[in-house]
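Some notes on the structure that comes next.
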Amino acid sequence: MLLQVILAVIPIAWLIISMTAFKMSGFNACGIGLIITAIECIAVYKMGVLEVATGALEGALAAIWPIGIIMFGAMFVYNLSLRTGAMDVIKNMLASVSNDKRVAALILGWCFGNFMEGIAGFGTAVAIPAAMMVGLGFDPIASAVICLIGNAASPAFGAIGTPTISAYNTAGFEAMGIDMISLSAPTSLLLAGLCILSPFVIVWLVGGSPKALKGVMPITIVSVISFYVPFYAISAFVGPELSVTIGAIISLVAVVIMGRKTSGEIPEEYLLEKKDAVSEKAAKPQMSVVKAWIPYVLIVIFILGSSKLVPPINQALGSIKSTVTIYAGENAGKLSFSWINTPGVWMFLAGIIGALIQGASVGDLGQEFVATIKKYWKAVATVVFIVAIAKLMGYAGMVIALANGLVALTGSFYPFIAPIIGGIGCFVTGSATSACVMFAKLQTEIAGQLNIDPTWLVAANSAGATAGKMISPQSIAMAAAAISVAGSDGKIMSATLKWCVLYLIILCVCCYVGVLL
């Protein structure tokens, strides 16, 4: 068993070592990792070349559709909002709500950060709010830390639910007759502690002590309830695609309204001295706030309108799909492509309609489409490599070997460390999606051996990935670049590490108690 575990862990060990010790990019590390996995499948596990090729192809196609299309769609919408000036108008609106640093931190680091995570993901949830906070006069390092902590509760549902959708597909739940909601509901339940704690931590960090909560306790509580209640309700009854987005929108509206109505003298240490909070273009917006939000409103309308909440539309569009078998070996899985009713398609459609309403030309749309592909194709290719690695590891039997080893080592105590596995995956890759793809099948195999509901362990893996993203070198580097303090990665990591450890402990305890119950 030891030899089998050592052989099976080689691809994962390579990814960890290459990206942490050798500082390789995810694209290069995962590309080489796929080659290593393919060679091992042929040389050690006696798979044929055709089996390896078709297994990798199955993973690649599963990554491109729907994961890749969502990634491109998310960034396409965001880039269009920059081109039309809509994002400047949104920033201007948010920056004008309150002169209280604590309220501003909740609006930007919590509400708007989670909104960007739900809509776009891939670092935007930290980079954009952090840059806005620096513009308002916040300390750059503190801004990065606040946004990393504010982002710690939602990456499992980022970019229209991409990580959870990826985990669902990789785990093979559709073939087991398990629907998507059965995974998204426990994931949001496990994240309850992080969702409740994060806004309080944000206010604490603004003031440097728990005393900062004095005077803003009501609005902090409102920011928690207004986010988590719809967040859980959508994930438990509709699905993962809009849970974070709708939760963030409702929380943003509630906090903005409450922030505008809050009266009373602001203590001097919390008084916001605005600097270049908004650009000159945003100071004289060329469009209304309503028009600026149109693409994002359309995304919500399209995805909800085609969900199970509207059965006739959901069933009609859901029937437009293809199911194929690609793997040439034994126990081949089936791959389904939903050609219209997939979040990425709706995002592209919403982005195009919204941008046209905002005044963009057809040429603008074409230029941004090409620019988005050029800028993010490596990010999509990285996910393609990881999903292909996961598929090959599954078909070769490596996942089963790893599951056997972990069960032998930890026994019934394993659920306690399940979130840590996801946290490690996200720390290494910088992506909750990649962490879910890497270990979803492993969690499913272990659940089978321990006679545990597999959705619970896969949910724990996804939840752990959200905490791990707080200290991911890639996330921290992006935050440092956005606030123009490149080279301060160590300071940011040391400030977030203790909170990451606390969050993982909370998740581990919740996961273990959930299994016992």
Side-chain angles (χ1 to χ4, degrees), residues 1-18 29-63 166-176 178 324-335 383-411 414-415 417-418 421-422 424-425 428-429 434-452 454-455 457-458 461:
M1 180 182 291
L2 179 60
L3 177 60
Q4 290 176 348
V5 171
I6 292 173
L7 291 171
V9 84
I10 287 175
I12 296 173
W14 161 255
L15 294 179
I16 294 174
I17 294 170
S18 62
C30 294
I32 296 172
L34 177 57
I35 295 172
I36 291 173
T37 307
I39 293 173
E40 190 176 2
C41 285
I42 294 170
V44 178
Y45 293 92
K46 308 304 178 184
M47 290 175 65
V49 174
L50 181 61
E51 290 176 314
V52 171
T54 53
L57 178 61
E58 180 183 325
L61 293 177
S166 303
Y168 177 84
N169 292 335
T170 305
F173 285 153
E174 185 175 10
M176 300 180 195
I178 299 173
V324 296
T325 300
I326 296 174
Y327 180 56
E330 297 180 358
N331 302 316
K334 293 185 180 297
L335 199 59
V383 175
V384 168
F385 293 150
I386 290 177
V387 178
I389 290 170
K391 282 290 182 181
L392 288 179
M393 289 181 67
Y395 282 131
M398 296 185 213
V399 173
I400 294 176
L402 284 173
N404 291 338
L406 284 170
V407 170
L409 181 64
T410 61
Y414 175 80
I417 68 168
I421 301 297
I424 292 172
V428 172
T429 65
S434 298
C436 290
V437 170
M438 284 174 67
F439 298 120
K441 192 65 178 177
L442 173 67
Q443 302 283 12
T444 303
E445 292 289 345
I446 293 175
Q449 293 191 31
L450 296 177
N451 197 26
I452 297 171
T455 60
L457 290 191
V458 174
N461 186 85

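Only a predicted model underlies this, so the values are computations on that prediction, with no experimental measurement involved.
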Which distance, rounded to the nearest 0.5 Å, do you find between the [atom1] of [X] and the [atom2] of [Y]?
{"X": "I417", "Y": "I446", "atom1": "CD1", "atom2": "CD1", "answer": "7.5 Å"}
{"X": "L457", "Y": "I452", "atom1": "CG", "atom2": "CD1", "answer": "5.0 Å"}
{"X": "I17", "Y": "I10", "atom1": "CD1", "atom2": "CD1", "answer": "10.5 Å"}
{"X": "L409", "Y": "L2", "atom1": "CG", "atom2": "CG", "answer": "11.0 Å"}
{"X": "I326", "Y": "K391", "atom1": "CD1", "atom2": "NZ", "answer": "9.0 Å"}
{"X": "I36", "Y": "L392", "atom1": "CD1", "atom2": "CG", "answer": "13.0 Å"}

Check the pair L406 / L442 against side-chain contact (heavy atoms from CB on, under 4.5 Å), numbers first and verdict last. CA-CA 10 Å; L406 284 170; L442 173 67; 3.9 Å; yes

Minimum heavy-atom distance between [X] and [Y], given as atom pair plus value:
{"X": "P454", "Y": "I178", "value": "CG-CD1, 4.4 Å"}
{"X": "V437", "Y": "S166", "value": "CG2-CB, 3.8 Å"}
{"X": "Y168", "Y": "E174", "value": "OH-CA, 3.4 Å"}
{"X": "E40", "Y": "P11", "value": "OE1-CD, 3.6 Å"}
{"X": "V52", "Y": "A38", "value": "CG1-CB, 3.7 Å"}
{"X": "Y327", "Y": "E58", "value": "CB-OE1, 3.3 Å"}

Is a side-chain N or O of Q443 found less than 3.5 angstrom from the main chain of A418, in a donor-acceptor match? yes

Is the side chain of W14 donor-acceptor paired with the backbone N or O of C30 at a distance under 3.5 Å, no angle test? no

Indicate yes or no: at least one non-hydrogen side-chain atom of [X] is less than 4.5 angstrom from one of [Y].
{"X": "T444", "Y": "T170", "answer": "no"}
{"X": "Q449", "Y": "N404", "answer": "yes"}
{"X": "Y414", "Y": "I421", "answer": "yes"}
{"X": "E51", "Y": "Y395", "answer": "no"}
{"X": "S18", "Y": "I32", "answer": "no"}

Result of checking E445, M393, K441 against L402 for side-chain contact (heavy atoms from CB on, under 4.5 Å): M393

Sole candidate of V384, I12, T37 that passes side-chain contact (heavy atoms from CB on, under 4.5 Å) when paired with I389: T37

Test side-chain contact (heavy atoms from CB on, under 4.5 Å) applied to M398 and L7, step by step: CA-CA 8 Å; M398 296 185 213; L7 291 171; over 6 Å; no

